[in-house]
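Following: one structure in structure tokens, then a few remarks.
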Amino acid sequence: MLGTIFWKVGTKRESSTDLIMVIGAMYASVTFLGINNCSTVQPIVAIERTVFYRERAAGMYSALPYALAQMLTEIPSGFF
């Protein structure tokens, strides 16, 4: 649906208004994708937050090692 709103906007670049339309289309699509990705990850983050609070209360480790471990475990899934 987002693509049909800006169908063939980039084909005509005669004035600064056309350029602003292209920039607006790029901004809208990047914002939409960012919000969509954040809403997909949000339930997982809520579960991980409770796990982190429990493990921090037990004195296992602080926030930095936990965040680094989460980041390092997600790197291989980004490649596949």
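Computed over heavy atoms, backbone and side chain alike; hydrogens, waters and symmetry mates excluded.
Atoms CD and CG, on Gln70 and Leu72 in that order, are 10.0 Å from each other to the nearest 0.5 Å. Separating the OG atom in Ser16 from the CE atom in Met21 is a distance of 12.5 Å, to the nearest 0.5 Å.
Counted by atom type alone, Tyr61 and Glu55 present one or more donor-acceptor pairs between their side chains at under 3.5 Å.
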> Yes or no on side-chain contact (heavy atoms from CB on, under 4.5 Å) for Tyr66 and Arg56, after CA distance, side-chain angles and deciding distance?
Replying inline: CA-CA 9 Å; Tyr66 186 81; Arg56 189 178 65 175; over 6 Å; no

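In the hydrophobic clustering of this structure, Tyr53 groups with Val51; members are Ile, Leu, Val, Met, Phe, Trp, Tyr whose side-chain heavy atoms approach within less than 4.5 Å, directly or through other members. When hydrophobic clusters are built by joining Ile, Leu, Val, Met, Phe, Trp and Tyr residues whose side-chain heavy atoms come closer than 4.5 Å, directly or via intermediates, Ile75 is not grouped with Leu68.
With hydrogens and angles ignored, the 3.5 Å screen pairs no side-chain donor or acceptor of Thr31 with any backbone N or O of Ala28. Panel note: side chain Thr40, backbone Asn36; a donor-acceptor pair is recorded below 3.5 Å.
Taking each heavy atom of Ser39 and Pro43 in turn, the nearest pair found is O-CD, 3.6 Å.
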